[in-house]
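Everything below concerns the one structure shown next.
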Amino acid sequence: MPLVIDSLTIRAAGESALFGPLTLEIQPGHVTTVMGPSGVGKTTLLQAIAGHLPGDFTLSGGLALNGRRLNGVPAEKRRIGIMFQEAGLFPHLSVGENLAFGLRAGVRGRSARARAVDQALATAGLTGMADRDPATLSGGQRARAALMQSLLAEPEAILLDEPFSGLDQTLRDDIRAFVLEHIRARSIPALLVTHDPADAEAAGGPVIPLDAVPTARA
Amino acid sequence: MAALLRTGLRVLILAILIGPVLLGIAQTLGAAFGWLPALGERSIGLAPWQALLKQPGLATSVQLTFWTGLSATLIGFVLAFALVAGLYGRAGGRSLTPWLAPFLAAPHAAMAIGLAFILAPSGWLLRLVAGPLDLARPPDWALVGDPMGIGLILGLLVKEVPFLALIMTASLGHLPVRRWLIRARSLGYTPASAWIRVVLPIMWPQIRLPTLIVLSYALSNVDMALILGPSNPPVLAVSVLRAYTAPELSSLLAAGAGAVLQAIAVIVTFAGVWLTERLIARLSRAGIRRGRRERLSGLALGLSQGGSAVLMTMAAGAIAALVIWSVTWRWPWPQALPGSLSIAAWQQSADALTQPLGHSLILAAATTAIALALAIAWLETERRRGATALAAILYLPLLLPQIGFLPGLQFGFLQVGLGPGLLAVGWAQLLFVFPYVLLVLVGPWRGFDAQITRQAASLGAGPLRRLLRVKLPVLLAPVLAAGAIGVAVSIAQYLPTLIMGGGRINTLTTEAVSLASGADRRITAVYAMLQMLIPVTAYGIAIITPMRRARHRRFLRE
């Protein structure tokens, strides 16, 4: 079931649209990449899709996920995960608590929940690190833990906001491969925003250039 | 040599600020057990406690103290948190500070008098509905001096919510709160839930101290309780003050015991906060492990925001009531607005006003200037880390109930030859002005870009020149803000002025509080208005000056 974006435009109060109407459809297990110069509104686009558009922006066009219309649905009910470059994990919780915080409420019972968290930790190569302070993890470990936190909530789509740009080159390839592999394994649609062509290439899906709407000034 | 000078300066500052507190505690404890050499009393025993326990209504006073103090702080915390959460990231949220400034600046007594003008049986609120409801006479109903202390709770709330909201906003500073909220919501948590489960626990360690200060004040304040609180029996702090001002020696010693009881009440509550903190941390960890996504908390947040709005409207109404009453000539019941206006009340009070006004201004200027100098000296002589434990001691005067050590301090000062007067009042006020000034300056001082002074040093500027010509001008805005808060704190002081002045130093505040108990409303309004105008003006200067100066210096604005 796809993530469908239909002639989406976003504009700040009293200003012209950030970019031209955007239409795209992302199939489950596929990763579409949006590229564009900084300041064109890539992050705003992701926030609009996930339901976090700041109050001074307005959106027109349609958004649907698995046949559910998303327009007007509060962010917490959209079931769309989002990953950033930083601030992935919550600093006041241990690594294990961070994952438990993400794990959907539907998994009940202390032991079942603990098992799910341990399993996710193992997947991320973090076995035995449940009680660690996230600040003591390496950048790569944090990125993997943050992905696990997002996936434990069982999102129906995931948005990636330059999640690899804070990592150094060698780590970057590893983490990118890890993240993409797990997203494909979940069979959920993913939208990646980046300015690194290598990210787009690894994602393997269509690449959509996001250009500023030509205004009267340009 | 420089190190010796530095240590000497720090010890001197501690002696000036903490010495009197320890002296006051020692004397109060002594008095509580019959030891008051200043008055020739040396019979150690439990007689003061027996006298205290025999006081009629003591149990009710203690109950009232806990009820009003705890509920005001708890509700105030919830309302302030909801306000901050609701306004965060909105266009209006950024400009919250200037809007809260007048409520922060207004002295407790002036705000309490304004509220009394609204809430009294013949107050503005009832005048507004008297017409439509056809009430011929003021009803026999009151939120002022009511036995449940509702009026007092409202008064405390009006002052606490802006303060806590500002402290909370400041504590969020440059934290990536928006990203945390987005992450939490994308995991299925409602905004309210995200604020409570993510932001609150991260914010709490930074707002714990200010919250305890608010709690201690709510449990032990005297001026608001005198104006808005129940009178028979009153809250504990007021009953201690009554015993203290009674002529008999036995009553004075009982006041010592009462002061100790008040301090115990505050300490017990602090212990309760500590336990509650542990308990909530444990429960919320369990909740996080269960991954519960609450649905109801959004409604609670909305209700709290409504409560904040009602409260702030009331505060604005209170200030408006002061303005209107001070220029009212006739305002017969049940009219919603005065029948005729006049500046007669101002003219009438002009002569009587000069002395208290002069006292207020001298005390505010002197204590603020000294507090600023001491605070800057304290921060400049600070060695990087490890100073935090010592720094906490400087907040002791704000954490202790004033009534818990000021009576003792008066006798302590007497014994070392410092009689009641302006100097004693100023020194006592300084104990409370200094920590607030320090609280405002700590952040900017620690966050100051050391590279700027290093560059000045490389240009050949010595330490004093670096401070005066580079650091202070760059930090002008926080220094002015600290000065404005210093003025507001000094002007608001009631108990230190009353006790350390031996009743002979009258300020706008002591006059306003005594007028509030039944004098002509118009005259009372004049004193309360003036009392409020001084700190509001100081805040205005503190807000406007840096803005004007930074017009052509963009880096100063950041």
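Residue numbers begin at 1 in each chain, while the letters A, B, ... track the order of the sequences.
Residue contact with chain B, scored on non-hydrogen atoms closer than 4.5 Å, involves the side chain of A/Arg113 exclusively. In this structure, chain B has heavy atoms under 4.5 Å from both the backbone and the side chain of A/Ile82. For A/Pro155, no part lies near chain B; criterion is any non-hydrogen pair under 4.5 Å. For B/Arg197, the parts lying near chain A are the backbone and the side chain together; criterion is any non-hydrogen pair under 4.5 Å. Residue contact with chain A, scored on non-hydrogen atoms closer than 4.5 Å, involves the backbone and the side chain of B/Ala184 alike. Of the atoms belonging to A/Ala50, not a single heavy atom falls under 4.5 Å from chain B.
Side-chain atoms of B/Tyr189 do not come within 3.5 Å of backbone N or O of A/Gly102 as any donor-acceptor pair.
Counting heavy-atom pairs under 4.5 Å between each of B/Gly188, B/Pro191, B/Gly287 and chain A puts B/Gly188 at the top.
Between B/Arg178 and A/Pro54, the closest side-chain pair of non-hydrogen atoms falls below 4.5 Å. Side-chain contact check for A/Pro91 versus B/Trp180: some heavy-atom pair is nearer than 4.5 Å.
When all heavy atoms are compared, the tightest approach of B/Gly291 to A/Ala105 is O-CB, 3.4 Å. Pairing each heavy atom of A/Glu97 with each of B/Ile288, the nearest pair is O-CG2, 3.7 Å.
Applying the side-chain hydrogen bond (donor to acceptor under 3.5 Å, both in side chains) criterion to A/Thr33, with sequence neighbours excluded, gives no partner residue. Here B/Thr73 pairs with nothing under the side-chain hydrogen bond (donor to acceptor under 3.5 Å, both in side chains) rule; sequence neighbours left out.
Put simply, the residue from B/Arg293, B/Arg183, B/Arg185 that forms a salt bridge (charged side-chain N to carboxylate O under 4.0 Å, His left out) with A/Glu76 is B/Arg185.
Counting non-hydrogen atoms of other residues, nucleotides and ligands closer than 6.0 Å to CZ of B/Arg282 gives a total of 12 or fewer. In the displayed structure, A/Gln119 atom CD is contacted under 6.0 Å by at most 12 heavy atoms of other residues, nucleotides or ligands.
With rounding to the nearest 0.5 angstrom, the CZ atom of B/Arg289 is 13.0 Å from the CG atom of A/Leu103. One finds the CD1 atom of B/Ile182 at 10.5 Å from the CG atom of A/Leu159 (value rounded to the nearest 0.5 Å). Separation of atoms OG (B/Ser186) and CE (A/Met83) is listed at 10.5 Å; rounding is to 0.5 Å.
Contact residues of residues 120-150 of chain A toward chain B are A/Ala146, A/Gln149, A/Ser150 (heavy-atom distance under 4.5 Å).
The side-chain hydrogen bond (donor to acceptor under 3.5 Å, both in side chains) analysis of residues 178-188 of chain A, with sequence neighbours excluded, yields no pairs.
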